[in-house]
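Worksheet for the structure shown next.
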Amino acid sequence: MNTHEMYMQTALNLARKAFDENEVPVGAVIVYKDQIIARAHNQIKTLKDPTAHAEMIAITQAAAYLENERLNECDLYATIEPCVMCVGAAMLARLRTVVYGANESKTGACGSQIDLVASGLFNHKIEVISGILEPECRAIIQEFFLSKR
(Lines give C-alpha, C1' and ligand atoms only; values in the text may rest on other atoms or scores of the structure.)
Protein backbone atom coordinates (compact mmCIF):
# COMPACT_ATOMS: atom_id res chain seq x y z
CA MET A 1 0.00 0.00 0.00
CA ASN A 2 1.48 3.35 -1.02
CA THR A 3 1.21 6.57 0.98
CA HIS A 4 -1.81 7.91 -0.91
CA GLU A 5 -3.63 4.62 -0.41
CA MET A 6 -2.79 4.59 3.30
CA TYR A 7 -4.30 8.03 3.88
CA MET A 8 -7.28 7.24 1.65
CA GLN A 9 -7.91 4.07 3.65
CA THR A 10 -8.21 6.24 6.76
CA ALA A 11 -10.68 8.47 4.91
CA LEU A 12 -12.64 5.37 3.85
CA ASN A 13 -12.86 4.24 7.47
CA LEU A 14 -14.38 7.64 8.28
CA ALA A 15 -16.81 7.26 5.37
CA ARG A 16 -17.94 3.96 6.89
CA LYS A 17 -18.59 5.79 10.15
CA ALA A 18 -20.75 8.29 8.26
CA PHE A 19 -22.60 5.39 6.61
CA ASP A 20 -23.31 3.87 10.04
CA GLU A 21 -24.68 7.25 11.19
CA ASN A 22 -26.99 7.46 8.13
CA GLU A 23 -24.92 10.28 6.65
CA VAL A 24 -23.77 10.30 3.02
CA PRO A 25 -20.58 8.26 3.40
CA VAL A 26 -17.77 10.69 2.70
CA GLY A 27 -14.59 10.77 4.75
CA ALA A 28 -11.68 13.20 4.70
CA VAL A 29 -8.30 13.60 6.31
CA ILE A 30 -5.70 16.35 6.13
CA VAL A 31 -2.02 15.50 6.21
CA TYR A 32 0.78 17.85 7.30
CA LYS A 33 4.40 16.72 7.24
CA ASP A 34 3.41 13.05 6.90
CA GLN A 35 1.04 13.22 9.87
CA ILE A 36 -2.76 13.22 9.87
CA ILE A 37 -3.82 16.40 11.67
CA ALA A 38 -7.55 16.32 10.85
CA ARG A 39 -10.14 13.55 10.42
CA ALA A 40 -13.78 14.04 9.56
CA HIS A 41 -16.85 12.51 7.97
CA ASN A 42 -20.07 14.04 6.70
CA GLN A 43 -22.26 15.28 9.56
CA ILE A 44 -24.91 17.25 7.67
CA LYS A 45 -27.90 15.49 9.24
CA THR A 46 -26.29 15.09 12.65
CA LEU A 47 -25.42 18.78 12.96
CA LYS A 48 -28.39 20.02 10.89
CA ASP A 49 -25.84 21.99 8.88
CA PRO A 50 -25.65 21.90 5.06
CA THR A 51 -21.98 22.96 5.24
CA ALA A 52 -20.94 20.04 7.48
CA HIS A 53 -19.18 18.18 4.67
CA ALA A 54 -16.23 16.01 5.69
CA GLU A 55 -13.80 18.29 3.83
CA MET A 56 -15.11 21.46 5.49
CA ILE A 57 -14.89 19.97 8.98
CA ALA A 58 -11.38 18.66 8.29
CA ILE A 59 -10.22 22.06 7.01
CA THR A 60 -11.54 23.71 10.18
CA GLN A 61 -9.78 21.11 12.35
CA ALA A 62 -6.49 21.50 10.48
CA ALA A 63 -6.55 25.30 10.74
CA ALA A 64 -7.20 25.01 14.49
CA TYR A 65 -4.41 22.44 14.87
CA LEU A 66 -1.89 24.64 13.03
CA GLU A 67 -3.34 27.85 14.51
CA ASN A 68 -3.27 29.28 11.00
CA GLU A 69 -5.88 29.85 8.31
CA ARG A 70 -3.29 28.97 5.66
CA LEU A 71 -2.73 25.26 5.08
CA ASN A 72 0.00 25.70 2.44
CA GLU A 73 1.88 22.53 3.29
CA CYS A 74 -1.22 20.36 3.77
CA ASP A 75 -2.86 17.74 1.60
CA LEU A 76 -6.56 16.88 1.70
CA TYR A 77 -7.70 13.30 1.10
CA ALA A 78 -11.41 12.80 0.40
CA THR A 79 -13.21 9.66 -0.65
CA ILE A 80 -15.29 11.53 -3.24
CA GLU A 81 -14.44 14.42 -5.55
CA PRO A 82 -15.09 17.63 -3.58
CA CYS A 83 -18.02 19.91 -4.42
CA VAL A 84 -17.87 23.62 -5.27
CA MET A 85 -18.10 24.65 -1.59
CA CYS A 86 -15.31 22.31 -0.51
CA VAL A 87 -13.01 23.23 -3.42
CA GLY A 88 -13.64 26.90 -2.62
CA ALA A 89 -12.64 26.31 0.99
CA ALA A 90 -9.56 24.36 -0.14
CA MET A 91 -8.56 27.32 -2.33
CA LEU A 92 -9.08 29.84 0.47
CA ALA A 93 -7.10 27.63 2.86
CA ARG A 94 -4.34 27.39 0.23
CA LEU A 95 -4.17 23.60 0.43
CA ARG A 96 -1.27 22.15 -1.54
CA THR A 97 -3.01 19.03 -2.86
CA VAL A 98 -6.47 17.51 -3.10
CA VAL A 99 -6.43 13.73 -3.42
CA TYR A 100 -9.73 11.95 -3.95
CA GLY A 101 -11.05 8.49 -4.66
CA ALA A 102 -14.09 8.51 -6.92
CA ASN A 103 -15.39 11.12 -9.35
CA GLU A 104 -18.72 12.77 -8.49
CA SER A 105 -20.60 13.35 -11.75
CA LYS A 106 -23.35 15.51 -10.20
CA THR A 107 -21.42 17.90 -7.94
CA GLY A 108 -17.70 17.30 -8.52
CA ALA A 109 -15.73 20.53 -8.82
CA CYS A 110 -12.34 19.09 -9.81
CA GLY A 111 -13.35 18.31 -13.38
CA SER A 112 -16.38 16.04 -13.33
CA GLN A 113 -19.13 18.68 -13.31
CA ILE A 114 -17.02 21.84 -13.22
CA ASP A 115 -13.27 22.41 -12.94
CA LEU A 116 -12.54 25.03 -10.31
CA VAL A 117 -8.94 23.87 -9.99
CA ALA A 118 -8.11 24.52 -13.65
CA SER A 119 -4.76 26.22 -14.07
CA GLY A 120 -4.99 30.01 -14.21
CA LEU A 121 -8.59 30.21 -13.04
CA PHE A 122 -7.67 31.54 -9.58
CA ASN A 123 -4.53 32.93 -7.97
CA HIS A 124 -3.89 29.70 -6.05
CA LYS A 125 -3.09 26.43 -7.80
CA ILE A 126 -4.01 23.14 -6.14
CA GLU A 127 -2.56 19.89 -7.41
CA VAL A 128 -5.29 17.27 -7.88
CA ILE A 129 -4.76 13.52 -7.76
CA SER A 130 -7.77 11.31 -8.42
CA GLY A 131 -8.63 7.62 -8.52
CA ILE A 132 -6.96 6.55 -5.26
CA LEU A 133 -8.83 3.44 -4.03
CA GLU A 134 -11.54 4.45 -6.51
CA PRO A 135 -13.45 1.13 -6.52
CA GLU A 136 -13.78 1.10 -2.73
CA CYS A 137 -14.72 4.79 -2.58
CA ARG A 138 -17.35 4.37 -5.29
CA ALA A 139 -18.75 1.17 -3.76
CA ILE A 140 -19.60 2.71 -0.38
CA ILE A 141 -21.49 5.61 -1.99
CA GLN A 142 -23.37 3.28 -4.31
CA GLU A 143 -24.28 0.94 -1.46
CA PHE A 144 -25.58 3.86 0.60
CA PHE A 145 -27.83 5.24 -2.12
CA LEU A 146 -29.05 1.78 -3.20
CA SER A 147 -30.16 1.18 0.39
CA LYS A 148 -32.25 4.37 0.21
CA ARG A 149 -34.26 3.25 -2.83
Side-chain angles (χ1 to χ4, degrees), residues 1-66 71-118 124-149:
M1 184 176 286
N2 69 35
T3 303
H4 288 317
E5 290 172 345
M6 181 183 70
Y7 293 132
M8 190 62 71
Q9 188 60 59
T10 301
L12 261 169
N13 292 340
L14 292 160
R16 287 184 189 94
K17 183 175 180 182
F19 188 103
D20 292 343
E21 295 174 6
N22 200 33
E23 295 277 2
V24 174
V26 177
V29 299
I30 294 183
V31 176
Y32 173 71
K33 295 185 177 179
D34 300 320
Q35 178 185 352
I36 295 175
I37 62 168
R39 301 166 192 264
H41 63 282
N42 274 4
Q43 296 184 57
I44 296 162
K45 290 181 177 216
T46 302
L47 298 176
K48 310 279 188 277
D49 179 356
T51 69
H53 290 199
E55 302 94 328
M56 299 292 287
I57 295 168
I59 288 169
T60 299
Q61 289 175 357
Y65 178 87
L66 294 175
L71 305 177
N72 300 1
E73 298 176 46
C74 295
D75 306 309
L76 168 69
Y77 288 78
T79 55
I80 299 297
E81 179 181 3
C83 71
V84 170
M85 173 181 67
C86 295
V87 170
M91 288 282 197
L92 293 172
R94 305 293 194 264
L95 284 166
R96 178 174 58 190
T97 312
V98 169
V99 182
Y100 68 88
N103 290 341
E104 194 357 291
S105 62
K106 293 181 181 176
T107 62
C110 294
S112 290
Q113 186 57 245
I114 189 170
D115 192 357
L116 293 181
V117 295
H124 179 67
K125 175 72 175 133
I126 295 178
E127 179 185 6
V128 175
I129 300 168
S130 63
I132 306 299
L133 299 183
E134 188 273 336
E136 297 93 328
C137 292
R138 178 164 314 291
I140 193 169
I141 286 284
Q142 288 175 337
E143 180 184 347
F144 179 80
F145 286 110
L146 283 173
S147 73
K148 300 297 176 194
R149 293 184 184 147

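None of the values given here were measured: they were computed from a predicted structure.
Considering every non-hydrogen atom in both L47 and A52, the closest pair reads CD1-CB, 4.0 Å. Between A90 and I59, the shortest heavy-atom contact is N-CD1, 3.9 Å. Here the closest heavy-atom approach between residue V29 and residue A11 is recorded as CG1-N, 4.2 Å. Between I141 and P25, the shortest heavy-atom contact is CD1-O, 3.6 Å. Shortest non-hydrogen contact noted between A109 and E81 is N-OE2, 3.5 Å. Pairing each heavy atom of E55 with each of P82, the nearest pair is OE2-CA, 3.7 Å.
Between Y65 and Q35 there is a side-chain heavy-atom pair separated by less than 4.5 Å. T10 is listed as a side-chain neighbour of I36, based on a closest heavy-atom distance under 4.5 Å. Contact check for Y100 versus E134: no side-chain heavy atoms found under the 4.5 Å cut-off. Side-chain atoms of Q113 and E104, non-hydrogen and from C-beta on, never get closer than 4.5 Å to each other. Between C137 and L12 there is a side-chain heavy-atom pair separated by less than 4.5 Å. At least one side-chain heavy atom of I37 sits less than 4.5 Å from a side-chain heavy atom of L66. In this structure the side chain of V84 never reaches within 4.5 angstrom of the side chain of T107, judged on heavy atoms. When side chains are defined from C-beta on, I126 counts as touching M91, because their heavy atoms get closer than 4.5 Å.
By the 6.0 Å contact criterion, NZ on K148 is enclosed, its count of non-hydrogen atoms from other residues, nucleotides or ligands being greater than 12. The neighbour count for K125 NZ, taken as heavy atoms of other residues, nucleotides or ligands under 6.0 Å away, is above 12.
A donor-acceptor pair under 3.5 Å is formed between the side chain of T79 and the backbone N or O of G27. When atom types are taken as modelled, the side chain of E23 and the backbone of T46 share a donor-acceptor pair closer than 3.5 angstrom.
The only member of I80, N103, L133 that meets side-chain contact (heavy atoms from CB on, under 4.5 Å) when paired with R138 is N103. Tested against Y7, the residues D34, L76, I30 include a single side-chain contact (heavy atoms from CB on, under 4.5 Å) partner, D34.
In this structure, R96 CZ and C74 SG are separated by 7.5 Å, a value rounded to the nearest 0.5 Å. The structure places SG of C86 at 11.5 Å from CG of L116, a figure rounded to the nearest 0.5 Å. Taking CD1 of I140 as the start and CZ of R16 as the end, the distance is 5.5 Å to the nearest 0.5 Å. Residue H53 holds its NE2 atom at 12.0 Å from CD of Q43, rounded to the nearest 0.5 Å.
F19 pairs by the ring-ring contact (aromatic ring centres under 6.0 Å, His included) definition with F144, not counting sequence neighbours.
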**Request:** Could you go through the side-chain contact (heavy atoms from CB on, under 4.5 Å) check for V117 and V98 one step at a time?
**Result:** CA-CA 10 Å; V117 295; V98 169; 5.9 Å; no
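In this model, a donor atom of one side chain and an acceptor atom of the other lie less than 3.5 Å apart for H41 and E21.
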